[in-house]
Amino acid sequence: MARLGVNVDHVATLRQARGGREPDPIAAAVLAELAGADGIVVHLREDRRHIQDRDLQILRQTVQSKLDLEMAADEAMVKIALSVRPDFVTLVPERRQELTTEGGLDVAGHRERIKDIIARLHEGDIPVSLFIEPDLEQVRTAHKVGADLVELHTGRYANAVSFKDVQTEFDNIVQAAKLSGKLAMRVNAGHGLNYFNVSRLLTVPEIEEYNIGHSIMARALLVGMDRAVREMKALIDSQTQIP
Ligand code: PXP
């Protein structure tokens, strides 16, 4: 059965909008786990626009499932990861002005730096996932630099409109997932996934985990966190092919 990682960054975004204490992403993570989430995902950004250091520290003490820390490939973040010790780290690109994470990490273009950062995290026994476009060269390079997992960026698939474009983007994900599997890297997928477009990806047997934030939080606002997470979890459970 594939797993569901719930990203609670948006809860922190709402809190930061008023600079106060609510809503608390810690409470959201507890509710998400009670509703069946297999993991909690947070992105500690350099500009701290949503998740704060305090959130990460408390989540490390309270998350019962797996804590996935998304972070930029830089020195300051490596220090934080080595001290907080999430269950795994996902390296993502980070540019200050972007609305969210746009595009995957260019592993091929920053090979030595990423290799070095993965080695440092491995010294601390922290497995590392690389958030990459479903591109065969990126997959091969991810393997060469020592990644344990890849998270395939599903944004292009999610944004594709025409039948042809959806098919093309889906095929890219299938090929990248297959190659990752052959290279013995585990495969996660995420970005832009919702209750409609996730279904087709569930037919890709290599994908072990779906990391979903926006669509679950948007639904939670209307029907509550428990129901929003349960509905996504049920969708994933009903259709995945992983034995
Ligand atoms: N995976 C990664 C690496 C991300 O950066 C994000 C966005 O924070 C997500 C998954 C979740 O994307 P969404 O909020 O569109 O579901």
Side-chain angles (χ1 to χ4, degrees), residues 2-14 16 25 28-29 32 37-51 55-56 59 66-73 77 81 86-107 114 127-135 138-139 142 147-160 169 173 176-177 180 185-199 201-202 207-221 225 228-229 231-233 235-236:
R3 295 184 297 276
L4 170 62
V6 175
N7 181 313
V8 296
D9 291 351
H10 286 308
V11 179
T13 301
L14 192 56
Q16 298 309 112
D38 302 290
I40 299 298
V41 188
V42 287
H43 184 176
L44 185 68
R45 300 186 71 105
E46 187 197 0
D47 63 10
R48 304 296 194 270
R49 74 174 65 156
H50 41 53
I51 294 294
D55 301 328
L56 182 62
L59 284 170
K66 300 280 182 207
L67 180 62
D68 172 7
L69 170 61
E70 292 180 4
M71 59 179 233
M77 288 307 310
D87 291 290
F88 64 101
V89 156
T90 301
L91 296 179
V92 300
E94 206 177 284
R95 289 182 297 271
R96 272 172 201 274
Q97 298 311 320
E98 72 198 6
L99 279 178
T100 177
T101 313
E102 294 161 3
L105 198 60
D106 180 11
V107 192
I114 292 172
V128 183
S129 173
L130 300 183
F131 183 50
I132 56 170
E133 291 294 330
D135 171 275
Q138 295 290 350
V139 171
D148 305 282
L149 306 88
V150 289
E151 177 174 337
L152 298 178
H153 193 313
T154 50
R156 281 176 196 269
Y157 163 76
N159 290 333
E169 298 304 337
I173 292 170
S180 305
M185 290 187 295
R186 294 163 61 190
V187 183
N188 294 345
H191 202 90
L193 297 179
N194 61 34
Y195 296 80
F196 304 98
N197 63 23
V198 76
S199 295
L201 292 183
L202 300 173
I207 300 178
E208 293 185 20
E209 183 168 312
Y210 297 86
N211 289 329
I212 306 180
H214 188 89
S215 67
I216 292 178
M217 295 307 140
R219 187 171 287 207
L221 199 60
M225 187 68 72
V229 173
E231 287 176 355
M232 184 59 84
K233 176 77 178 149
L235 200 55
I236 291 174

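From a predicted model like this one, the values you see are computed outputs, not experimental measurements. One-based numbering, in listed order, for ligands and for the atoms of each.
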Side chains of I51 and P25: does their closest heavy-atom pair fall under 4.5 Å? yes

Distance filter under 4.0 Å to H191 heavy atoms, resulting ligand 1 atoms: 6 (C), 7 (C), 10 (C), 12 (O), 15 (O)

For G192 and ligand 1, does the shortest N/O to N/O distance drop below 3.5 Å? yes

Given I132, N188, V139, the one that forms side-chain contact (heavy atoms from CB on, under 4.5 Å) with S180: V139

Going by the order shown, which atoms of ligand 1 are within less than 4.0 Å of some heavy atom of N7? 8 (O)

E151 heavy atoms, cut-off 4.0 Å: which ligand 1 atoms fall inside? 1 (N), 2 (C), 3 (C), 10 (C)

Heteroatom distance test (T90, ligand 1): nitrogen or oxygen, under 3.5 angstrom: no

Would you tell me whether H10 and H50 have side-chain atoms, one donor and one acceptor, within less than 3.5 Å of each other? no

Where do E209 and R186 land on the salt bridge (Lys or Arg N to Asp or Glu O under 4.0 Å) test, with the steps shown first? CA-CA 9 Å; E209 183 168 312; R186 294 163 61 190; over 6 Å; no

With atoms numbered from 1 as shown, which atoms in ligand 1 lie under 4.0 angstrom from a non-hydrogen atom of H214? 13 (P), 14 (O), 16 (O)

Give yes or no for whether the N/O distance cutoff of 3.5 Å, strictly under, is met between E70 and ligand 1. yes

Is the shortest heavy-atom distance from the side chain of D106 to the side chain of Q138 under 4.5 Å? yes

Using distance alone, decide if ligand 1 has a nitrogen or oxygen within less than 3.5 Å of any nitrogen or oxygen in S215. no

Report, as yes or no, whether the 6.0 Å neighbourhood of atom CZ on R3 holds more than 12 heavy atoms from other residues, nucleotides or ligands. yes

Side-chain touch Y195/R219, heavy atoms, less than 4.5 angstrom: yes

Looking only at side-chain N and O atoms, does H43 offer a donor or acceptor that is under 3.5 Å from a partner on E94? yes

Considering distance alone, does some N or O of G190 sit under 3.5 Å from an N or O of ligand 1? no

Just heavy atoms, cut-off under 4.0 Å: does H43 contact ligand 1 by side chain, backbone, both, or neither? neither

Should you measure from each heavy atom of V92, which atoms of ligand 1 turn up under 4.0 Å away? 3 (C)

Taking only heavy atoms of I212 into account, list the atoms of ligand 1 that are under 4.0 Å away from them. 16 (O)

